[in-house]
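To start, the structure under review is shown below, and the notes come after it.
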There are 2 protein chains.
Amino acid sequence: MASSPSAARRTRPSADATRDRILAAALDLFADRSFEGATTREIAHRAGVSQPSLNYHFRSKDELWRAAVDGLFAELGATLRARLDGLRGVDEVTTAELVIRDFITFSAAHPQLHRIITQECKGEGERIDWLVDTHVRPLYDVTTSLFSRLAAQGAVPDIPAPFLYYILTGAGPTIFVLAPECRRLAGFDPRRPESVATHADAVVDLLFGRRGAGGPPAP
Amino acid sequence: MASSPSAARRTRPSADATRDRILAAALDLFADRSFEGATTREIAHRAGVSQPSLNYHFRSKDELWRAAVDGLFAELGATLRARLDGLRGVDEVTTAELVIRDFITFSAAHPQLHRIITQECKGEGERIDWLVDTHVRPLYDVTTSLFSRLAAQGAVPDIPAPFLYYILTGAGPTIFVLAPECRRLAGFDPRRPESVATHADAVVDLLFGRRGAGGPPAP
DNA sequence: GTCTATAATTAGATAGAC
DNA sequence: GTCTATCTAATTATAGAC
């Protein structure tokens, strides 16, 4: 998924598989330990290669980080694009609900996305500039303009689109990002399929103003 | 707030002020760079002391981290306790709304809370065990039992309490934790008082099922 | 391409003067 | 208490054999 088999092969065939193993290990460790906290030695060890092998395949730790993040956003983009391609002509409210469910399901399978964005959102830095300009802004623009149209037709509450955006990106992924805490506090793994479904239902019901099943009306 | 002036003074008076400056610097840097990413040299530099001074006041980097986190949760606890003390006899729905607003306001002023919890929620580790057992579980227990009662009387949607808990802890603080991204994407600082109020209104309206206006968009 | 060996830097913690 | 100087270990990156 992160390799590009279409690119002209200037390298040995075995290099692609090695590159992908390094990228997968790098993504996990960068997400868990942050850029500074992850060590190239541990990435190499998890990928089953020597530490200098990383500097052969990637110019630096920084370039390895960017390549790993590229792969993650490529996967998210492919997921959302596949959903939208299958829904041409469907009304916008239904489309929005299904895309939001896809986003939540993706966040459960790949909590690295939210973790890495959170880690880079400290003071300033080149990585957050690159992250926002390259990957986040396109998603933000399409999401907020969709929310504005949904609010205009009364499908979602009349909350300014940037706030709705951050309510969704917080309410959706957080339970999966904090899964180790959730296991300790609540005694269940939120990333199990039943939990993901319950959580997606809850977030969608909340956003689209549906009161959950069965509760008595407020006095 | 983190020093204990009531404790028997076995140290010089100047030590308390130094300790507090170290703790404040440590909290900021641990929150921004994670435990591994923050260096004791930079914490010392920001606090205006030498690096070995940290090892005089705290046994180790690990103990410094715990002391900084203790201070943060003490401040949150004091904030919530003050609110609850002022609301004896008030109905539970009103109490819940005000406490949630306090939590969101606190998260805007102290995004370190959510950042540190997120950072420690990787695989496993002694720090997450300590964090949950010492500080998070009491808050979780009181919050989820409150949510259960509110759901039973129809004040909030009928969503299982653990999911409601993570929807709140995600939807509330995330916009402040991702403030550097928000500034770049939406062009405003979410931590400004008007934005905090708009966001708190939006989250409360959503949780309590009001379709109300979220207020004017921030400039 | 992948390895071992290592260079250059930086980390947390300690020793000891004052 | 606070400092300067320094120890040991771990970090990223490079050199060069195969």
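So you know, we letter chains A, B, ... as the sequences are listed, proteins then strands, and number each from 1. What you see is a predicted model, and the numbers here were worked out from it, not measured in a lab.
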Validation row, ring centre B:Phe188 to ring centre A:Phe163 under 6.0 Å: yes
B:Thr18, nearest nucleotide to its side chain (from C:dT4, C:dT2, D:dT2): D:dT2
Ring geometry between B:Phe35 and B:Trp65 (parallel below 30°, tilted from 30 to 60°, perpendicular above 60°): perpendicular
B:Ile22 CD1 to C:dG12 P, straight-line distance once rounded to whole Å: 14 Å
Atom-pair distance (CG on B:Asp62; P on C:dA11), nearest Å: 18 Å
Min side-chain heavy-atom separation B:His45-B:Gln51 under 4.5 Å: no
Proximity of A:Phe176 and A:His199 rings by center, below 6.0 Å: yes
Whole-Å gap separating P (C:dA11) and CD1 (B:Ile43): 11 Å
Student check: side-chain heavy atoms of B:Tyr165 and A:Ile175 closer than 4.5 Å: no
Between N or O atoms, less than 3.5 Å apart, protein on one side and nucleotides 16-18 of chain D on the other: list the pairs.
none

Integer-rounded Å distance: D:dT12 P and A:Phe58 CZ: 15 Å
DNA chain D contacts among residues 26-33 of chain A, heavy-atom distance under 4.0 Å: none
Shorter than 3.5 Å, N or O on both sides, protein versus nucleotides 7-11 of chain D: list them out with atom names.
none

Between P of C:dT14 and NE2 of B:His57, the distance in whole Å: 15 Å
Candidate nucleotides C:dT2, C:dT14, D:dA13, ranked by approach to the side chain of B:Asn55 - the nearest: C:dT14
Distance, rounded to the nearest Å, where A:Leu54 contributes CG and C:dC3 contributes C1': 14 Å
Parallel, tilted or perpendicular: rings of A:Phe73 and A:His135 (30°, 60°): parallel
Given D:dT2, C:dT4, D:dA5, the nucleotide with the shortest approach to the side chain of A:Ser50: C:dT4
Spacing of CZ belonging to A:Arg66 relative to OG1 belonging to A:Thr134, to within rounding of 0.5 Å: 7.5 Å
